[in-house]
There are 2 protein chains.
Amino acid sequence: MKPSVGIRDVAQHAGVSNATVSNVLNRPDVVAPATRQRVLAAIAELGFVRNESARQLRAGRSRVIAYVVLDAANPFFTDVARGVEDAAREAGLALFLCNSASDDGREREYLELLHEQRVEGILITPVDGDSARFTERGTPLVLVDRASTDGTRCSVAVDDVLGGELAVTHLIEAGHTRIAMIGGPLSIQQVRDRHSGALRALANAGLPADALTFLETKGLQVAEGRGAGERLVGLPSSRRPTAAFCANDLLALGLLQSMTQQGLRVPDDLAVVGYDDIEFAAAAAVPLTSVRQPREQLGRTAAQLLLSENEPDHEHRHVKFQPELVVRASSAVKR
Amino acid sequence: MKPSVGIRDVAQHAGVSNATVSNVLNRPDVVAPATRQRVLAAIAELGFVRNESARQLRAGRSRVIAYVVLDAANPFFTDVARGVEDAAREAGLALFLCNSASDDGREREYLELLHEQRVEGILITPVDGDSARFTERGTPLVLVDRASTDGTRCSVAVDDVLGGELAVTHLIEAGHTRIAMIGGPLSIQQVRDRHSGALRALANAGLPADALTFLETKGLQVAEGRGAGERLVGLPSSRRPTAAFCANDLLALGLLQSMTQQGLRVPDDLAVVGYDDIEFAAAAAVPLTSVRQPREQLGRTAAQLLLSENEPDHEHRHVKFQPELVVRASSAVKR
DNA sequence: CTCAGGCGTTAAAACGTTTCAACATCGAGG
DNA sequence: CCTCGATGTTGAAACGTTTTAACGCCTGAG
């Protein structure tokens with residue numbers, strides 16, 4: 001490891017003061033072209049790399065925002081992240097992605113670290129609904145895909161209750177009267193909201209609440225969907241639902257696999273509706289009906305809100321988008 | 001924004017020196033229990049958050065490694081990242097994910113920033129084959145999914161030439177003699193290697209090199225696969241390939257969609273083989289034959305190599321894994 | 001010839017930690 | 001009673017930047 005060449009070494013090597021080197025780095029226009037060249041040459045020659053810690057310590061600014069996602073392997077979040085990144089780089093900021101993997105502890109650790117790093121701002125899709133745990137620590141923080149209950153911070157969300165309602169109303173209209181909802185854990189706000197929406201759909205249609213069987217899963221990954229599929233098929237056929245609403249597309253894809261594997265047909269034996277409308281939903285074995293969310297826009301808006309946090313007259317806003325049902329083969333009407 | 005409470009404020013509030021506060025933070029065992037409690041109380045009361053910049057500046061250590069991925073939306077890379085993160089947290093380090101999105105400029109910016117941040121180490125799947133551009137800058141760096149040509153750094157890779165060979169040999173054995181390879185841009189090393197492998201397979205089988213039609217794409221996303229599908233179908237049927245080997249699964253899924261949409265059947269009208277064997281490959285409209293890579297292990301190994309970089313007697317290693325063909329319906333033998 | 005003002009450069013003071021040698025305090029062993 | 005070691009605590013010096021006010025120099029106007 002090199003003996004760490006600093007700004008003073010560069011200065012000495014170029015025969016100027018360290019302040020001049022700093023100026024070359026930060027306000028190149030203020031220093032005379034000849035001097036600038038000399039300094040740049042010295043920088044190149046010594047292989048100087050500016051120490052961001054020192055810079056940040058003195059300047060007080062960081063050039064980074066972070067997005068803590070619930071599951072980096074879920075394309076939904078990477079799409080949101082794309083929106084975030086686009087907005088961030090327009091503002092000259094870099095984006096660091098952190099994966100909480102739906103784990104409480106990891107989330108806490110990342111938040112702690114990010115606060116300590118004094119990043120310019122934090123975006124987070126929290127594991128837990130209880131957003132009160134993010135005590136104010138001086139770093140702007142915006143909730144993504146989750147409405148802030150109290151008014152203490154900005155949030156960007158999609159109406160998940162409506163989304164659940166759209167999905168289940170669609171299934172009811174297709175003639176289903178025994179419907180499963182698959183998702184979990186219930187500690188995740190989105191799952192609860194989509195469930196509420198499903199119940200509301202039943203109520204609207206005058207169906208009893210027990211027309212909906214809730215199958216709770218431990219997570220929202222494909223494997224959990226497969227597991228749920230087995231549980232579903234294990235039910236006595238008199239009680240077995242004829243349609244399933246999954247809390248996200250990963251579950252739905254897993255469910256689909258499980259059905260095929262057990263020799264059942266979708267949508268004939270079981271209609272399936274997913275949530276998020278990730279790109280892979282349309283490419284699935286049976287193209288998946290799904291509830292689409294404005295993913296990139298969600299991220300972009302969240303980032304913009306975050307960036308507006310340190311405007312003098314900022315007041316917290318809560319943006320809520322509308323979801324949209326995309327009907328495909330997996331829920332085609334029986335005939 | 002708070003007037004930024006520092007370690008000295010805490011010290012004063014607890015009636016101790018700042019050195020003691022620092023000790024409470026870093027070596028809690030060395031300070032008397034009573035004092036420790038008092039300091040912790042002060043920390044809680046004032047809402048003190050340690051300034052990582054200052055800490056890092058003084059201590060010289062960071063607690064973070066970063067992984068610069070080629071495409072965060074590609075499940076292959078998030079799976080690799082999972083392996084990386086597992087290994088990193090075992091070593092007490094956090095992982096920041098950066099997305100170069102196959103863009104030269106972004107990649108350079110992130111690398112620059114990470115060097116300046118003095119992260120503990122950098123993992124990268126580079127956009128460009130020419131790894132010489134990563135001039136040594138004092139931060140350990142290992143290449144992921146890309147062999148290092150010179151011996152100047154560690155790398156972890158999978159034998160892409162072999163992978164291409166496996167895929168195309170499989171197609172040849174299934175009776176295909178006009179095969180397309182879809183992928184690009186050719187600036188990406190993996191694409192070139194998989195192509196070489198494909199050519200080798202032809203040679204092994206005694207087929208002429210023009211049995212392989214190379215369709216270059218601008219990227220490796222699903223949309224590019226759809227585009228390639230249209231180009232493929234646009235070919236005069238006498239020359240149209242009966243099988244396609246895609247440089248990754250995203251392309252293959254796009255191709256699949258495009259075929260269905262144009263009323264062609266897979267594998268009857270076109271057999272398809274993908275690469276990576278991402279989770280969605282098995283759930284596709286036609287379950288996808290694919291070349292599987294040890295994704296998590298790739299990441300885990302890369303992280304371990306990175307961590308070993310600052311051992312005194314470190315010498316650079318190049319680990320190469322073997323890919324494996326997974327046959328599914330998309331390439332079923334014609335009968 | 002003098003002087004105001006612009007321009008380029010600089011010395012020195014922060015920024016908030018960690019670390020190290022030195023310093024009290026105290027109980028035990030001689 | 002003195003010494004010694006152990007135990008806790010502390011003052012002050014880094015770490016490598018950015019920033020500010022001041023400085024010297026030069027030019028052109030008076």
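Numbers restart at 1 for each chain; the letters A, B, ... are given by sequence-line order, proteins then strands.
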Distance below 4.0 Å between B:Ser4 side-chain N/O and C:dG16 OP1 or OP2: yes
Listed nucleotide nearest any side-chain atom of A:Leu57, set D:dG8, C:dC15, C:dT18: C:dC15
Phosphate OP1/OP2 of C:dT9: any A:Thr20 side-chain N/O under 4.0 Å: no
Note: B:Arg137-B:Glu116 ion pair, threshold 4.0 Å (strictly below): no
Integer-rounded Å distance: C:dC15 P and A:Glu116 CD: 20 Å
Whole-Å gap separating P (C:dT19) and CG (B:Asn18): 14 Å
Polar side-chain contact A:Arg58-D:dT17 base: donor and acceptor under 3.5 Å: no
Distance below 4.0 Å between A:Arg50 side-chain N/O and D:dT18 OP1 or OP2: yes
salt_bridge(B:Arg106, A:Asp86) N-O dist < 4.0 Å: yes
Basic-acidic side-chain contact under 4.0 Å: B:Glu90, B:Arg300: yes
Minimum-distance nucleotide to A:Arg8 side chain [options: D:dG16, D:dT17, C:dG8]: D:dT17
Phosphate-side-chain proximity, B:Thr35 and D:dT9, N/O vs OP1/OP2 below 4.0 Å: yes
Any A:Arg27 side-chain N or O less than 4.0 Å from OP1/OP2 of D:dT19: yes
Gap between atoms CD1 and P, on B:Ile7 and C:dC15 respectively (whole Å): 15 Å
Residue whose nearest DNA chain C nucleotide is more 5′ - B:Asn23 or B:Asn51: B:Asn51
A:Ala59 side-chain proximity, nearest of D:dT19, D:dT9, D:dT17: D:dT19
B:Glu109/A:Arg89 ion pair, N-O < 4.0 Å: yes
Nearest-neighbour nucleotide for the B:Ser17 side chain, D:dT17, D:dG11, C:dG16 considered: D:dG11
